[in-house]
Structure formats: structure tokens, C-alpha cells
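On a predicted model such as this, the values are computed, not experimentally measured, just so you know. We count ligands from 1, going down the list as the structure has it; atoms in each ligand are counted the same way.
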Amino acid sequence: MNGDSWGQVKEGLKAYVGASNYTSWIEPLAISSVEGGVALFEVPSPFFGNYVSQNFGDQIIYHLNKSGALVERLRFLTTPANRPVKTPATSKPAVETAAPAAKSDNSGLVSGGQLDARFTFDSFVVGKPNELAHAAARRVAEGGAVTFNPLFMYGGVGLGKTHLMHAIANELRLRQPELNVLYLSAEQFMYRFITALRERKMIDFKQLFRSVDVLMVDDVQFIAGKDSTQEEFFHTFNALVDAGKQIIISADRAPGEIKDLEDRIKSRLQCGLVVDLHPTDYELRLGILQSKVLQFAATYPEVQIQGGVLEFLAHRISTNVRVLEGALTRLYAFASLVGREVSLELAQDCLSDILRASDRKITVEEIQRKVSDHYNIRLSDMIGPKRVRNFARPRQVAMWLCKQMTNRSLPEIGRRFGGRDHTTVMHGVRKIEELKTTDSQIADDLEMLRRALEA
Ligand code: ADP
Ligand code: MG
């Protein structure tokens, strides 16, 4: 592989990873060699290699193979010249991402390189938004009789789907090393399927997939619209279910909402237990930050975090956990380099781009629309003059949310609710404040709506 063809592979990757990931992580990657199925890259730091391997490893392998290179694993070498001042003592100089072994040797298909050892149940922080998914994952990881098949976990980007799947696999490997556990992304499934077709090795392919005890397919939405891959997936799925083998699937949305996925597959996916990972709430984000701080303390014992910084981050970065982690990582690296404590000012300064991106302004209109949808009333009735309870209560809920979540003044809010007086808004806000403590249904509604709006 020469520089030119790597350039083309990078172009292909751009469409997958998005412009900003591309600039930060892919663009700087220089390939040094491809030998014996291993592509070697030079990276400025172990962290960089780790990050790329974890977040884009599969896609890099996929695109390299697509371009004709035969690559099963990536290796990242830290170039000493580029080494940062402080290198974590615990990190190894090279990280590897392995594509699943091509042939079954019947000794457990999960190769060590492919699972992230850090993604365990211990390192997973449980909160309200993910407790059901976590409990279901735990149950499956116990490896007892198959009670729900498949386990289908869905949720937005960076909410912990992959983490939970690896945690299940890591746990099963400890508890029942004799089981054949295969974890792969839907993209890898497709890649292997296409390769098997091309090389006329469909029998091997079928045998391999039919011989696993636990099959995990991550990001299954990827196969939507890819007809022959779907077909094969369907047969694999059925064969395993019929044989009483456990299947675990993740996707970015509910089965019924994946466009261009065959109906028979949708209904199959819904047969077991479907659990969703909700957008994080403040408490969960804070919990995750606190647990990461404990982990970072081993690597950066000299870095101190001032009070209030974690709360600030949990409050301001509500997009996803990956971004939250990235922010903390950057803070540690920066504080360590400049030898300063992490203060609020330093955080604001060092993370201004992330904070700006997360600084999404929620509008009165958005709130009105969400609340009308939630209570199943028309937007015109929410804003209109009718005072019947069916409209008045949702209207007050919306007013309360506007007061909480926007910077609008009471008169401004009143104007947007059909030109109502600010005293009406104030009355509505107070009413909801009061109901919040006495009426648990309202309290739940508020919490749910706030979360949905923040997501
Ligand atoms: P997804 O697959 O849903 O896009 P990931 O599982 O890759 O998300 O999670 C993104 C990052 O956030 C990972 O580094 C993961 O460890 C971390 N993460 C997500 N949820 C949690 C959690 N509840 N506790 C600890 N870490 C989490
Ligand atoms: Mg994932």
C-alpha cells in the first residue's frame, strides 16, 4: 500500500466518520506498512492510537480491504519524536485491533485483541437512563438458559451499547470460557459475507456462524438496504435461534424504525427483549465523570481537579458519553502538560469548542411542539385561547419548561403562547411547581420531556 492508495482509503473513510473526526483522527494517520495482514500506523501518542483503534478500527480495516489490501489487524506505533511530554506509565506502546479470526478453531471465537478489556460491567456506570439495558445485559452475561432471544439494545450514539456488548462478552469469557462467543459489527458481518461469496467459501461462512453459542452483532442498522446481506443475516439468525443459541443485537433505533430493513427481520428482532438506552441525565453524567476521574488518577496522579468542574461538565455537555469522556481526557492531558490544576476557567478555555457545540439553544417552539405531541393535542390548541383542562395543563407544563430551559422572560414566553399576560405565565409556572411535588405523573412527564428536549 503506497501513500496514494492510502489517500484514497482515507477519502472513503471521510464519508463514514464525518468531517470533524476525519480532521482530528484520520487525516493525521500515516500508514507505514502492510505486512502479513497487519497494517502499521505511526501515531503521536498511545492515546491517539487507542482512540483511533477503538472508534474507527473496524472501518479502517473494512476500507483497507475494500481497496484490495489484505488487512486483519491494525497496529499503532508511537513515534518517539512525537511522544508527548507525559506518557501514561500503564499504556503499552502499541495497540491492536483484530478482525475476527477467519476460521473457527472451536476454542472460543472471541480473540483478545478484538474485545476492549476496559469495557466491563465494573466500568459501566448505571443510572436511570440505562438501568434496564444494564440489567438485561447482566442477565445474558450470566450465561444461564436463554430466556429472551434476541436481546435487542438500542439508543443514540455514545450511550454505551458497544460498551455493554463487550461487557457481556468479557464476562462470558471469564465465566464460561468454553462457549463460542462471536462479537462483530454488522459491517464486519457484511464484509465477511461478501468475501465468502467472492472466494466461494459460503459453506465455511455458514458453518462458522452456525457454530457459535453466542452471537453479538453491533450496529445492525448498517445492513438496512443491503439486500443479500440481510437475507444471509436472517438465515443465520433463525438457525441460531432454532438451536437455542443466544443472540444480542444493537442498533441506533428501535427495530420497527430501521428504514429499509425487511419486515420479517424487524419482527424477528422484536421477538425477544427490546431495551433502550435513554439519553443521559445529569446524575448519570456526573457519575460517569466521577468514575473516570478515579481511573485517570492512576495515570495522572499530579493533576488536581477543582470543585465544581465535574458538575459544570455534566451540566454543559449533554450530547453523549463519548464526548464527555473526550472532554475529560483532554483536560487531563492539558493540565498535565502545563502543570496546572483543572479550574473552571481552564476547563472553559480548553474545551471551548466542545462547549460551543453542546450549547444548543432550545426554543419555545420546540418545547411547545414536544409537549403537544406528548399530550396528544394540537399545537394550535396549546397556543390558542381554550381554557379546558385538557389544553390548560399541557400549556402550563410547556410554560414551566420554557421558564426552565430557555432564557426567555415571562412576558416573552406569554407572547409566544398566543399573547398571554406574564401573570398568566407566572401562575402556570407556580401551578406546575406545586404539582411536581404532589403528582408523580406530572413529575415523570416533566422529567421525560426535559430529557427528550435535551437529547
Ligand atoms: P455506543 O456504542 O452506544 O455508540 P459506546 O458503548 O461506544 O457507545 O460508548 C461510548 C463511550 O462512552 C465508551 O468509551 C464507553 O465506555 C463510554 N460509556 C458509555 N456509557 C457509559 C456508562 N454508563 N458508564 C461508563 N462509560 C460509559
Ligand atoms: Mg457502538
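The aromatic rings of Trp25 and Tyr51 lie parallel to each other, with less than 30° between the two planes, well short of the 60° mark. Between His166 and Tyr183, the ring-plane angle classifies as perpendicular under the 30° and 60° cut-offs.
Residue contact check: Lys161 has heavy atoms under 4.0 Å from atoms 1 (P), 2 (O), 3 (O), 4 (O), 6 (O), 8 (O) of ligand 1. The ligand atoms of ligand 1 that sit less than 4.0 angstrom from a heavy atom of Val157 are 4 (O). Close approach of ligand 1 to Asn130 is summarised as follows: ligand atoms under 4.0 Å from at least one heavy atom of the residue are 23 (N). The ligand atoms of ligand 1 that sit less than 4.0 angstrom from a heavy atom of Val125 are 22 (C), 23 (N), 24 (N), 25 (C).
The backbone N or O of Glu262 sits less than 3.5 Å from a side-chain atom of Gln230, completing a donor-acceptor pair. Within the 3.5 Å criterion, the main-chain N or O of Thr363 finds no donor-acceptor partner in the side chain of Thr406. A distance-only check finds no donor-acceptor pair linking the side chain of Ser24 to the backbone of Asn21 [under 3.5 Å]. When atom types are taken as modelled, the side chain of Lys161 and the backbone of Met153 share no donor-acceptor pair closer than 3.5 angstrom. Using a distance-only test at 3.5 Å, with no hydrogens or angles considered, no donor-acceptor pair links the side chain of Lys201 to the main chain of Thr195.
For Gly155, the heavy-atom gap to ligand 1 stays at 4.0 angstrom or more.
Taking each heavy atom of Phe205 and Glu232 in turn, the nearest pair found is CE2-CG, 3.5 Å. Among all heavy-atom pairs drawn from Ala452 and Lys370, the shortest one is CB-CE, 3.8 Å.
The closest protein non-hydrogen atom to atom 25 (C) of ligand 1 is Ser123 O, 3.2 Å. Nearest protein heavy-atom contact of atom 17 (C) of ligand 1 is Glu325 OE2, 3.1 Å. Here the protein heavy atom with the shortest distance to atom 27 (C) of ligand 1 is Val321 CG1, 3.6 Å. When only non-hydrogen protein atoms are considered, atom 15 (C) of ligand 1 lies nearest to His163 ND1, 3.3 Å. In terms of protein heavy-atom proximity, atom 4 (O) of ligand 1 is closest to Gly158 N, 2.7 Å. For atom 7 (O) of ligand 1, the nearest protein heavy atom (residue, atom name, distance) is Arg322 NH2, 2.7 Å. Among protein heavy atoms, atom 8 (O) of ligand 1 sits closest to Gly160 N, 3.2 Å.
Neither the backbone nor the side chain of Val126 comes within contact range of ligand 1; no heavy atom lies under 4.0 Å. Under 4.0 Å from ligand 1, the heavy atoms of Gln54 that appear belong solely to its side chain. The proximity of Thr162 to ligand 1, defined as any non-hydrogen pair under 4.0 Å, involves the side chain as well as the backbone. Residue contacts with ligand 1, taken as heavy atom pairs separated by less than 4.0 Å, do not involve Ser250 at all.
Using a cut-off of 4.0 Å between Lys/Arg side-chain N and Asp/Glu carboxylate O, Glu447 and Arg451 are scored as salt-bridged. Using a cutoff of 4.0 Å between basic side-chain nitrogens and carboxylate oxygens, Arg138 and Glu142 are not scored as salt-bridged.
When the options Phe119, Tyr51, Phe121 are ranked by their closest heavy atom to atom 13 (C) of ligand 1, first place goes to Phe119.
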